[in-house]
Amino acid sequence: MNAPLEGTWQHASVVHRKVSYQCTHCGKVSTPRRKYKCVEPNRAGPITRGIIYICSECNRPTFIEQSAKPDQL
């Protein structure tokens, strides 16, 4: 495994609900505290198309594509 990525991610939003996933970089189960969202505007409400989570272990990004559904993340 590589050393954790140095630095801080700018303009990332806070993850407000408990999320966990296996990091594609370090292989550990991560409970991220920061994320970036790709959101499509919609009359019924925004639709999240993808999320980039920042691993709480190695500080590296993992992209997770979302199915088309109202924004709940």
Side-chain angles (χ1 to χ4, degrees):
M1 179 180 101
N2 296 330
L5 185 65
E6 295 293 326
T8 59
W9 291 87
Q10 301 294 307
H11 311 294
S13 61
V14 175
V15 175
H16 291 290
R17 67 182 193 125
K18 184 162 172 104
V19 174
S20 64
Y21 68 96
Q22 185 168 359
C23 177
T24 58
H25 298 283
C26 69
K28 294 182 180 179
V29 174
S30 176
T31 53
R33 294 180 293 274
R34 308 296 282 171
K35 68 180 176 183
Y36 293 93
K37 289 173 38 173
C38 177
V39 178
E40 177 186 348
N42 186 296
R43 288 184 199 185
I47 298 172
T48 298
R49 295 296 185 188
I51 298 176
I52 297 171
Y53 288 113
I54 308 303
C55 179
S56 57
E57 298 293 324
C58 71
N59 198 36
R60 287 181 164 74
T62 297
F63 172 75
I64 300 174
E65 192 167 349
Q66 301 292 306
S67 61
K69 61 183 176 182
D71 186 3
Q72 298 174 350
L73 301 174

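Of all non-hydrogen atoms in Ile51 and Lys37, the two that sit nearest each other are CG1-CG, 4.0 Å. The minimum heavy-atom distance linking Val39 with Pro41 is given by the pair O-CD, 3.8 Å. Heavy-atom minimum distance, Glu57 versus Cys26: CB-SG, 4.0 Å. Nearest heavy-atom pair, Tyr21 versus Ile54, reported as atom, atom and distance to 0.1 Å: OH-C, 3.9 Å.
At a threshold of 4.5 Å between non-hydrogen side-chain atoms, the residues Cys23 and Lys28 do not count as touching. With contacts defined as side-chain heavy-atom distances shorter than 4.5 Å, the pair Pro61/Tyr36 does not qualify. Contact annotation: the side chain of Thr31 approaches that of Ser20 to within less than 4.5 Å [non-hydrogen atoms, C-beta and beyond]. The side-chain heavy atoms of Val14 and Arg33, taken from C-beta on, include no pair separated by under 4.5 Å.
Not a single donor-acceptor pair under 3.5 Å links the side chain of Arg60 to the backbone N or O of His25. No donor-acceptor pair closer than 3.5 Å links the side chain of Glu65 to the backbone N or O of Gly50. Judged by distance alone, with hydrogens and angles left aside, the side-chain atoms of Trp9 form a donor-acceptor pair with the main-chain N or O of Asn59 at under 3.5 Å. Using a distance-only test at 3.5 Å, with no hydrogens or angles considered, a donor-acceptor pair links the side chain of Ser30 to the main chain of Ser56.
Under the 4.5 Å side-chain heavy-atom criterion for grouping Ile, Leu, Val, Met, Phe, Trp and Tyr, Ile64 is connected to Val19 within one hydrophobic cluster.
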